[in-house]
Amino acid sequence: MPTKPTFKQRFQYFFDNFMSKGTVALIGGLGLISLVLILLAGLVISLGGRWLAPEGSEGLGFVEAAWESLMRTLDAGTMGGDTGWGFRLVMLLVTLGGIFIVSTLIGVLTAGVDGKLEELRKGRSLVLESGHTLILGWSPQIFTILSELMVANANQKTASLVILADKDKVEMEEEIRARVEQIGRTKIICRSGSPMDTTDLEIVNPHQAKAIIVLPPESDDPDTAVIKTVLAITNHPDRREQPYHIVTQVRDPKNKELLEMIGERDQVQAILTGNLIARVTAQTSRQSGLSVVYTELLNFGGDEIYFTSEPTLVGKTYGEALLAYETSAVMGIKKQNGQALLNPPMDTVIEAGDQLFALTADDDTLIVSGLTSYPIDEAAICLPHQVSIPKPEKCLLLGWNRCATTIIRELDNYVPDGSEVLVVADPSVSAEVAQAEEILRQECGQLCHQKITFRAGDTTERGLLESIHAADYDHVIVLSYAGLEVQDADARTLVTLLHLRKIAEQDDTPFSIVSEMLDLRNRQLAEVTRVDDFIVSDHLISLMMAQLAENDALYDVFADLFDPEGSEIYLKPVNDYVEPSKPVNFYTVVEAARRRGQTASGYRLAAEAGEAAKSYGVHTNPKKSEQVTFTEADRIIVIAEE
């Protein structure tokens, strides 16, 4: 038969339960005990009359006695001037009680405030923002995305960027302060938690976010984390009725299809990173400056792509619309069904409900000029000339990562028959690089125009680069090594580029060098090598994600722009369009390109190719009436099929 709990056990049980209720319960309990002590002392003194009153007093009323007790509980030194032994004895007891009870209460209050500050430091408080851009996850890409979104929101009165990542809140805030310049009034709010946890997601109020960016973690299988995060959003038990706008990136094409299936109720826009960067690298290796063009196109620092419905152009052709804007460069038509047509046929008729999309400074600058005739210099336009038969090309690929095979396959779409590719990589760098030769056999065994050769070797050794006669190649691509830390990989790339620069200085035969850098900050260090172009893969992807987060309609435009089928961006010799060495306005350049079924959107000046402050010579969307004098080394930026 169980024994009956003793009074001591019951009291201990009650005390334990009371203490476990936390700071608020402790403050309430100690405050109540203090109040009882003060009121009891006041009652005793008031009933004691002159026997418990200070000397010279006939007695204190209850209120006055309670006030005297309160003063002594808060400050033990108050009783130093007390007179009358009865009064002193009561006040001594009150003061002792104050020392133990009130001091404990103050200590609990202090601990409670410290605990709340620690809780805030952990980043677990609820975010009450609405209409904010939510970023889930943490990677080096976040700094570019934050910078771009702040530029995009610079003219807004208030804007909020909320971050949820499995990282300490204070660490996130310190890194952001160190690497991101504050622009405008945009607030950046950090919270700690797992983006894949539906409970943690509630902290950042995803149901009222205007856009959600999901960043992949730095791991061997980032796609899995992205898929889980998207699932946590789209299948949240408290999800909203309206579709979510989610922007993310994946490596595997199969995972892109899976995300589209998961987000069939929502708008999930996934960028296929490997194919995109490989395509840009392959194209840039054959036409220097293309990556700068893409950067200018994707960032918020200059002109961006905007959409407009222009009633005055309904019934006119796309070719006519190209000349209708003085300060905007038309790029294509978005049809009523949502299909984006980049550089459509010049006789395509603009119908009611269609939208034009163009490069322009802001949405309020996308306005027709109203001109009925244009200042085109017919004498300056060059007639189409016969294109010479292209010669086989030799490409040297130094280094290795997962994009290498995709780059080679992309190059196969552009190079003529009989072309060659030599891949040189150091198998000792990592296990992934050690499998490079086998991966090449498996994934690049069915090329149409190129022959592949693999050679193992340390690409940072000058002797190796001279032994393979690097100067004899038409194009050199330097890739960052897989399996290394970002800074280590970029360091190896930098050493290789320095050797290539020395070899180029000693050889009279020009060859282009395109390099991949992982950290944008290292590009500034590498500019001393005077390489033709740099591909900062994560930077380009980050720019595109920021653009999509601000304007979901751009997804179809980018899909068409980076699709190997159809029109793409090219930098073509200026003398294919206009006579060099004489002033010409951009109306004339646009007309010359239009006659070839192409859309001109800018130019690159060779004289400025080495100047970072002038965007390496790239001028997108120039004012059409302004004149410029080209040289034979300059290029016209066009959107064309080939």
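Position 1 is the first residue of the sequence; numbering continues from there.
- Counting only heavy atoms from C-beta outward, the side chains of Asn275 and Phe562 never approach each other to under 4.5 Å.
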For a quick test of your reading: what N or O donor-acceptor pairs under 3.5 Å do the side chains of residues 446-454 make, sequence neighbours left out?
from, atom 1, to, atom 2, distance (Å)
His449, ND1, Asp417, OD1, 2.3
Gln450, NE2, Ile408, O, 3.0
Gln450, NE2, Asp412, OD1, 3.4

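- The backbone N or O of Met517 lies less than 3.5 Å from no partner atom in the side chain of Asp490, so there is not a single donor-acceptor pair.
- Under 3.5 Å, the side chains of Ser512 and Ser288 contain no donor-acceptor pair of N or O atoms.
- A donor-acceptor pair is defined here as one N or O able to donate and one able to accept, closer than 3.5 Å; such a pair exists between the side chain of Asn621 and the backbone of Leu359.
- Applying the side chain to side chain donor-acceptor pair (under 3.5 Å) criterion to Asp519, with sequence neighbours excluded, gives Gln487, Arg521.
- Using a 4.5 Å heavy-atom cutoff, the side chains of Glu218 and Pro140 are in contact.
- Partners of Tyr570 according to the ring-ring contact (aromatic ring centres under 6.0 Å, His included) rule, which considers only residues two or more places apart in sequence or in another chain, do not exist here.
- Annotation: salt bridge (Lys or Arg N to Asp or Glu O under 4.0 Å) contacts of Glu568 (sequence neighbours excluded): none.
- In this structure, the side chain of Glu326 engages the main chain of Ser625 through a donor-acceptor pair within 3.5 Å.
- Remark: Arg595 engages Glu378, Glu591 in a side chain to side chain donor-acceptor pair (under 3.5 Å) (not counting sequence neighbours).
- With a 6.0 Å cutoff to the six-membered ring centre and a 45° limit on the axis angle, Lys624 does not count as a cation-pi contact of Phe586.
- A salt bridge does not link Arg402 to Glu432: none of the charged nitrogens lies less than 4.0 Å from a carboxylate oxygen.
- Legend: residues meeting ring-ring contact (aromatic ring centres under 6.0 Å, His included) with Phe630, ordered by chain and number and at least two apart, are Tyr603.
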Practice task
Kindly indicate, with the supporting measurements, whether the criterion side chain to side chain donor-acceptor pair (under 3.5 Å) is fulfilled by Tyr414 and Gln287.
Solution key: CA-CA 11 Å; Tyr414 302 102; Gln287 43 183 349; over 6 Å; no
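- Put simply, the side chain of Ile569 reaches to within 4.5 Å of the side chain of Ile637, judged on heavy atoms.
- Remark: Gln336 CD is packed, more than 12 non-hydrogen atoms of other residues, nucleotides or ligands lying under 6.0 Å away.
- Between the side chain of Gln269 and the backbone N or O of Asp552, at least one donor-acceptor pair lies under 3.5 Å.
- Judged by distance alone, with hydrogens and angles left aside, the side-chain atoms of Lys334 form no donor-acceptor pair with the main-chain N or O of Thr308 at under 3.5 Å.
- The CG atom of Leu146 lies 11.0 Å from the CZ atom of Arg179; values are rounded to the nearest 0.5 Å.
- Salt bridge Asp426/Arg492: present, at least one basic N to carboxylate O contact under 4.0 Å.
- Side-chain N or O atoms of Thr317 include none that pairs as donor or acceptor with a backbone N or O of Asp347 at under 3.5 Å.
- Under the 3.5 Å distance criterion, the side-chain polar atoms of Ser480 are matched with a main-chain donor or acceptor of Glu516.
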Exercise for the section: Could you walk me through whether Tyr481 and Thr459 pass side chain to side chain donor-acceptor pair (under 3.5 Å), step by step? Expected result: CA-CA 10 Å; Tyr481 273 103; Thr459 53; 2.9 Å; yes
